[in-house]
Amino acid sequence: MDGIAAIKVSDIATLVPLGIAVGLGMLFFWVVLRTESWHMLRRRIWLLVHGKEEISDPGIRDYVEEQNNLAAFHVFAGVQVATLAEARTLMAWCKARKVELDVLRICGPYFDPEVRRIKERWLPPKWVGQAIGVVAMGFMVAALVSAWAMTLPALLTVKKTEQRFFADETGLRLPWPLVSFSARRLRPDDCEKPVAGETARTGFSERDIAILCPVLKDPEFGAYVRNAAKEQRVFLSMCAAFFLFLMYYAAVRALRVVCARKLLARRVDPTLPAGQMELDFGPS
C-alpha cells in the first residue's frame with residue numbers, strides 16, 4: 001500500500017507544473033475576454049523583455065498608461081467602454097443616478113454604456129430569463145447527481161441477460177434500491193447456498209446467479225471492478241464539470257435578462273445632472 005501511495009503522490013507532483021501553466025493560460029484568456037483587448041498581454045511581454053524601464057516618449061507613455069487604466073476598468077467593472085473618458089462619465093452617472101456598476105456588468109450586452117440605456121429592442125421578456133433560470137437549476141441538479149453517482153460502486157451488466165448490477169470487491173447487488181443493504185448482496189460464499197433461496201433474497205434470476213458466481217470467484221474480479229469504478233468516476237466527473245459549465249452559462253444569461261428588465265423598469269434618466277456635467281466637461 002505504501003508503494004501505491006508513493007506512485008500516486010509522484011504522479012500528482014508531475015502534474016503540478018502542467019496545472020500551473022494551464023491555470024496561467026486560462027487566466028490570460030479570461031483577461032483577454034474581459035477586456036476585449038490584447039493590451040494586458042502585450043504589456044506583460046514588454047515588461048518581461050524591458051523590465052520596469054519607462055517609455056521615453058511622453059505621448060506614447062501617456063497612451064500606454066491610459067490603456068492600462070482602461071483595461072483595469074474593464075477587469076474590475078466588467079463594463080465594455082471604448083475610452084477612459086467614457087468610463088469616467090459612466091462612473092459619474094452611476095453615482096448620480098444611484099446605479100451600481102455591478103448591475104451594469106450583469107446586464108452585459110443588454111446595456112449600452114455610450115448612451116447609458118438598456119437595449120430594449122433586443123431584450124427578451126422577463127419570463128424568458130426566469131425560464132432560463134429554471135434550466136440552470138436543472139443543470140445544477142444534474143451536476144449534483146453526477147457527483148453523487150461517483151460515490152456508488154461500479155455499475156456493470158450481464159451481457160446475456162442485460163441485467164445491470166452494482167459490483168465491488170466483496171459482492172454484487174441490484175441497482176434498486178440504491179441504498180446498500182448487506183442482506184441483498186450476492187457474495188462468493190452465497191454461491192454454495194440453494195439457488196432458489198438466493199434468487200428470492202438478492203433479486204437476481206437463477207440464470208444471472210449461474211453466470212455471476214464463477215465471475216465472483218475469479219481472482220482477477222477485484223482488479224476488474226476497481227478499474228471499472230475508476231473509469232466510471234472519471235466519466236462522471238467529466239459529466240459533472242460539463243453540467244456545471246452549462247449551469248453557469250444558463251445562470252449568467254438568466255441573470256442578465258432579469259437584471260436588465262429590473263433596470264429598465266426603474267426608467268433611470270440616461271443624462272448626467274447639469275451640475276455634474278459642468279464638473280466633468282466645464283460650463284457651456
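Residues I106 and L255 come closest through the heavy atom pair CG2-O, 3.7 Å. Residue A167 comes nearest to V225 through the heavy atom pair O-CG1, 3.4 Å, listed as atom of the first residue, atom of the second, then distance. Residue F165 comes nearest to P175 through the heavy atom pair CA-CD, 3.9 Å, listed as atom of the first residue, atom of the second, then distance. Residues R105 and V79 come closest through the heavy atom pair N-CG2, 3.9 Å. V81 approaches H74 most closely through the heavy-atom pair O-NE2, 2.9 Å. Between A147 and A240 the shortest heavy-atom distance is N-CB, 4.4 Å.
With N69 contributing its side chain and E65 its backbone, the two residues share a donor-acceptor pair below 3.5 Å. For the pair N227 (side chain) and Y224 (backbone), a donor-acceptor distance under 3.5 Å is absent. A distance-only check finds a donor-acceptor pair linking the side chain of R97 to the backbone of T271 [under 3.5 Å]. At least one donor-acceptor pair under 3.5 Å links the side chain of R233 to the backbone N or O of M150. A side-chain donor-acceptor contact under 3.5 Å links Q232 to the backbone of L155. With hydrogens and angles disregarded, no donor-acceptor distance shorter than 3.5 Å links the side chain of R173 to the backbone of G203.
Residues F139 and L144 share a single hydrophobic cluster, defined by chaining ILVMFWY side chains whose heavy atoms lie under 4.5 Å apart. Follow the hydrophobic side-chain contacts under 4.5 Å out from V257 and you never reach Y249; the two are in separate clusters. Side-chain heavy atoms closer than 4.5 Å link hydrophobic residues (I, L, V, M, F, W, Y) into clusters, and following such links, even through other members, never connects V252 to V135. Residues M140 and L236 fall into different hydrophobic clusters, defined by Ile, Leu, Val, Met, Phe, Trp and Tyr side chains chained together at heavy-atom separations under 4.5 Å. Put simply, L123 and V128 are part of two different groups of oily side chains (I, L, V, M, F, W, Y) that touch within less than 4.5 Å, one to the next.
Interatomic distance, L90 CG to L101 CG, rounded to the nearest 0.5 Å: 6.0 Å. I132 CD1 to M137 CE: the interatomic distance, rounded to the nearest 0.5 Å, is 14.5 Å. Between the CZ atom in F242 and the CE atom in M247 there is a gap of 13.0 Å [rounded to 0.5 Å]. Rounded to the nearest 0.5 Å, atoms CG (D218) and CG (L212) are 12.5 Å apart. The distance from the OG1 atom of T161 to the CZ atom of F204 is 9.0 Å, given to the nearest 0.5 Å. Atom CG in L216 sits 12.5 Å away from atom CD1 in I211 (nearest 0.5 Å).
Summarising the local packing, CD of Q130 is surrounded by more than 12 heavy atoms from other residues, nucleotides or ligands at distances under 6.0 Å. Counting non-hydrogen atoms of neighbouring residues, nucleotides and ligands closer than 6.0 angstrom, the NZ atom of K230 reaches no more than 12 such neighbours. Within 6.0 Å of atom NZ in K217, more than 12 heavy atoms from other residues, nucleotides or ligands are found, so the atom counts as buried in its surroundings.
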### Task
Assess whether side chain to side chain contact (heavy atoms under 4.5 Å, CB included) is satisfied between V99 and R266, documenting all intermediate values.
CA-CA 10 Å; V99 177; R266 288 180 56 184; 4.0 Å; yes
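Contact of the P124 side chain with the Y110 side chain is registered, since non-hydrogen atoms from C-beta on lie closer than 4.5 Å.
Side-chain polar atoms of T89 and R116 form no donor-acceptor pair below 3.5 angstrom.
Applying side chain to side chain contact (heavy atoms under 4.5 Å, CB included) to C94 and the options V268, L104, V103 leaves one that passes, L104.
Here D168 pairs with R185 in a salt bridge; the nearest charged N to carboxylate O distance falls below 4.0 Å.
Per the SG-SG cut-off, C259 and C107 are not bridged by a disulfide [distance not under 2.5 Å].
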